[in-house]
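Here's the structure we're looking at; comments come further down.
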Number of protein chains: 2
Amino acid sequence: MRDTDLPTRRLRTWLRLLRLTRGTENHLREYLRLNHDTTLPRFDVMAALHRANSPVKMSDLSRQLLVSNGNATAVVERLEKEGLAARVPGEGDRRVVLVALTDKGRAVFEAQAADHKAEVDRLFSMLGHEELDALRDILHRVEEASDGAIG
Amino acid sequence: MRDTDLPTRRLRTWLRLLRLTRGTENHLREYLRLNHDTTLPRFDVMAALHRANSPVKMSDLSRQLLVSNGNATAVVERLEKEGLAARVPGEGDRRVVLVALTDKGRAVFEAQAADHKAEVDRLFSMLGHEELDALRDILHRVEEASDGAIG
DNA sequence: GCCTGAAATTTTAAACTTGAAATACATTTG
DNA sequence: CAAATGTATTTCAAGTTTAAAATTTCAGGC
């Protein structure tokens with residue numbers, strides 16, 4: 001591996017990274033299902049709404065989560081049906097739809113988020129400040145360079 | 001961020017990593033769709049079959065790709081319908097089903113894979129040997145520790 | 001004020017994905 | 001060997017996801 005060419009190393013690294021995130025997502029999916037009877041996409045949408053702490057445009061939501069508009073609509077629809085989120089028409093522009101967590105949604109999410117954070121902490125417990133620093137530098141480099149091409 | 005506690009740093013790093021892989025997957029999905037009229041799951045399955053270079057058990061396939069058995073069945077079914085892969089019953093154990101690329105499938109995949117590798121190389125062109133070394137060490141650490149919990 | 005083009009969202013069809021149930025075969029145990 | 005248990009795969013229902021088409025509204029130019 002020492003003298004492998006760059007393109008091959010980049011490909012292998014990407015495949016390994018992908019594998020790691022898939023495995024982690026699988027673990028977290030099962031965790032959320034067993035402990036909170038919810039799914040990753042629901043959790044992700046609720047996390048984005050909670051983070052915003054004020055109504056979010058559908059288009060901003062899908063942009064933030066890197067999913068299609070149609071997908072955001074579908075997940076929000078189910079959250080709404082369960083009383084966890086609510087949609088309201090935008091004030092000025094009548095095309096706009098804003099979404100926010102309901103009180104129930106906020107309470108439910110906060111319980112989920114605490115456990116989720118603890119589980120992520122467990123999954124990455126082998127990474128200390130030093131490794132996190134190194135990883136941050138690398139992520140920063142990738143984010144800088146791709147800017148738009150990726151997210 | 002300097003003096004943020006470890007659990008929070010781990011969570012933020014995970015979210016950033018997830019975002020990076022989502023963005024990269026989105027880019028590669030579009031790339032494969034536009035240039036090779038195919039999808040990521042199809043590509044992944046064909047890559048696993050090509051890599052094995054001999055018929056693969058359905059269960060090994062889904063384990064390798066970290067997807068459910070039902071998912072592997074569905075994707076293989078579509079590849080088979082297009083003449084890119086073929087299923088044959090296992091020799092000894094009659095429950096077993098083996099899958100392999102057809103000649104056409106192999107040829108199609110090799111063309112896709114070359115372009116895919118070049119595109120990944122482009123996406124990660126900001127990472128040189130040094131960063132790849134650092135990333136490898138971190139990935140190794142995570143893989144070692146999670147062993148089973150994740151992959 | 002109307003027309004044209006752009007933007008925000010939803011709808012739709014098809015594919016993907018999971019988790020659980022069903023099926024078929026194999027292995028162990030009594 | 002028969003029953004029970006376990007393994008490999010498929011089937012199924014429901015949810016997720018995308019890409020494209022359809023809707024509705026907005027903004028600018030005429």
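Note that this is a predicted model, so its numbers are computed, not measured. By convention in this document, chain letters (A, B, ...) are assigned in the order of the sequence lines, proteins followed by strands, and residues within each chain are numbered from 1.
- Applying the 4.0 Å criterion to OP1 and OP2 of dA24(C), one finds that Arg94(B) has every side-chain N and O outside that range.
- Across all strands, Arg78(A) comes closer than 4.0 Å to base atoms (heavy-atom distances).
- When ring centroids are compared, Tyr31(A) and His116(A) stay outside the 6.0 Å threshold.
- Nearest nucleotide to the Asn69(A) side chain, out of dT10(C), dT25(D), dT10(D): dT10(C).
- When each of Arg87(A) and Leu40(B) is assigned the nucleotide of DNA chain C with its nearest heavy atom, Arg87(A) is the one assigned upstream, toward the 5' end.
- Using a 4.0 Å heavy-atom distance criterion, Asn71(B) is classed as a base contact.
- Atom CZ in Arg33(A) sits roughly 17 Å away from atom P in dA14(D) (whole-Å rounding).
- The nucleotide whose nearest atom lies closest to any side-chain atom of Arg95(B) is, among dT7(D), dT25(D), dC16(C), dT7(D).
- When the side-chain nitrogen and oxygen atoms of Lys57(A) are compared with OP1 and OP2 of dT9(C), none of them lie within a distance under 4.0 Å.
- Checking dA19(D), dT17(C), dA8(C) against every side-chain atom of Ala74(B), the shortest atom distance belongs to dT17(C).
- Straight-line distance from the CD atom of Glu25(A) to the P atom of dT18(C): 10 Å, rounded to whole Å.
- Atom P of nucleotide dC25(C) and atom CE of Met58(B) are separated by 17 Å, given to the nearest angstrom.
- Contact check, Arg42(A) against dT16(D): a side-chain N or O comes under 4.0 Å of OP1 or OP2.
- Of all nucleotides listed (dT9(D), dT18(C), dT10(C)), dT9(D) comes nearest to the side chain of Ser59(B).
- Here the CG-CZ distance, from Leu79(A) to Arg42(A), works out to 6.0 Å after rounding to the nearest 0.5 Å.
- Residue Thr39(A) places at least one side-chain N or O closer than 4.0 Å to OP1 or OP2 of dT16(D).
- Among the atoms of the strands shown, only primed sugar atoms or phosphate atoms (P, OP1, OP2) are found under 4.0 Å from some heavy atom of Glu77(B).
- The residue among Asp93(A) and Ala72(A) whose nearest nucleotide of DNA chain D is located toward the 5' end is Ala72(A).
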